[in-house]
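What you see is a predicted model; the values in this text were computed from it and never measured.
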Amino acid sequence: MRQDGVMASRILIVEDDERIRASMGLALEDEGYDVVGAGSGEEARERFTQSLGAEPFDLVIIDIMLPGIDGFECCREVRRQSAVPIIMVTARTDTHDVVAGLEAGADDYVTKPFEPKELAARIRALLRRARSTEGGPSTLTFGDLEIMPDAGVVRLAGNEVHLTRTEFLLLCELAANHGKVLSREQLLERVWSYDYFGDGRLVDVHVRRLRTKVEPDPANPRYVVTVRGLGYKLAP
């Protein structure tokens, strides 16, 4: 709890390098966060599971290169239990690592070395988005696809579809602008709250994941359509 009486957001840092983990923790504590560290995927799994009761984490930061359970599997295990925002950390700029991290369920990634202020900005954006409760129509219907923004529910042909928080907010943004083309830059700004430090790969990977869940035939999308050279739209 901060000195002003407001509960501080709890962040779990999963990083095997003790010096890096400590420096990240100090930087985030200076930003007002309650930070818990874990030096391995196994320790992170234990801490995260224990937290699900009285004191759940509000965000998790996971380094890809971990001993034992690697960062990808650690991310998948967290995602199976919770929709908590996840940031992956990688020392490599390899597109494969970035995409694999996002495919594992991460919401965003940062590349080492990074400035603490950039990480803090990304955290604020994800936490702000996670707490957003914007109102809207109770149900949006597109053929067999039903979206209930207020209830956080999506159904396809009557069956509930389980989406991550990012996938759900992305779908809601497209639905709110159905028939209109939204560029990657617009989606980064509206869904991730990012501008100058956004990466279009975030959008592309999450669109691909979203299609596997809401499209009868993901290879030939009916709802989430690509408009070549412009962006994406939800077909009316």
Going by side chain to side chain donor-acceptor pair (under 3.5 Å), name the residues that satisfy it together with [X], two or more places apart in sequence or in a different chain.
| X | answer |
| --- | --- |
| R47 | E43 |
| N220 | D217 |
| R80 | E73 |

Would you call [X] and [Y] a salt bridge, taking side-chain N to carboxylate O under 4.0 Å as the test?
| X | Y | value |
| --- | --- | --- |
| D58 | R10 | no |
| D107 | R122 | no |
| D63 | R21 | no |
| R190 | E173 | yes |

For the student: nearest non-hydrogen atoms of [X] and [Y], plus distance:
| X | Y | value |
| --- | --- | --- |
| P221 | P218 | CD-O, 3.5 Å |
| C74 | G41 | SG-CA, 4.2 Å |
| V84 | F57 | CG2-O, 3.5 Å |
| P216 | Y223 | CD-CE1, 4.0 Å |
| G105 | I86 | O-CD1, 4.3 Å |

Working to the nearest 0.5 angstrom, can you tell me the gap between [X] [atom1] and [Y] [atom2]?
| X | Y | atom1 | atom2 | answer |
| --- | --- | --- | --- | --- |
| F72 | M88 | CZ | CE | 5.5 Å |
| S9 | L126 | OG | CG | 11.5 Å |
| C75 | I64 | SG | CD1 | 9.0 Å |
| L234 | K180 | CG | NZ | 13.0 Å |
| R124 | L59 | CZ | CG | 12.5 Å |
| L156 | D144 | CG | CG | 6.5 Å |

- [ ] Following the transitive rule for hydrophobic clusters with a side-chain heavy-atom cut-off under 4.5 Å over Ile, Leu, Val, Met, Phe, Trp and Tyr, establish whether F142 and L169 coincide in one cluster.
- [x]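 Shared cluster, yes.
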Task: Linked, directly or transitively: V225 and V161 (ILVMFWY side chains, under 4.5 Å) - done: no
Open item on the list: Within the 4.5 Å heavy-atom criterion, are L174 and L182 side-chain neighbours or not?
Closed with: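 L174 vs L182: side chains touch.
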Is atom [atom1] of [X] surrounded by more than 12 heavy atoms (other residues, nucleotides or ligands) closer than 6.0 Å?
| X | atom1 | value |
| --- | --- | --- |
| E160 | CD | yes |
| K213 | NZ | yes |
| E29 | CD | yes |

TODO: Would you please classify the geometry between the W192 ring and the H206 ring as parallel, tilted or perpendicular, with 30° and 60° separating the classes?
DONE: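 If you compare the ring of H206 with that of W192, the planes turn out perpendicular.
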Task: Between Y109 and R201: side-chain donor-acceptor atoms closer than 3.5 Å - done: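 R201 and Y109 do have a side-chain donor-acceptor pair below 3.5 Å.
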For [X], check salt bridge (charged side-chain N to carboxylate O under 4.0 Å, His left out) against everything at least two apart and list the hits.
| X | value |
| --- | --- |
| R222 | none |
| D204 | R184 |
| R208 | E103 |

- [ ] Let me see the working for R211 and T226 under side-chain hydrogen bond (donor to acceptor under 3.5 Å, both in side chains), right down to the final yes or no.
- [x] CA-CA 11 Å; R211 283 173 172 163; T226 300; 2.7 Å; yes
- [ ] Have a look at Y232 and tell me which of V207, L170, V181 forms a side chain to side chain contact (heavy atoms under 4.5 Å, CB included) with it.
- [x]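 Among the candidates, only V207 passes.
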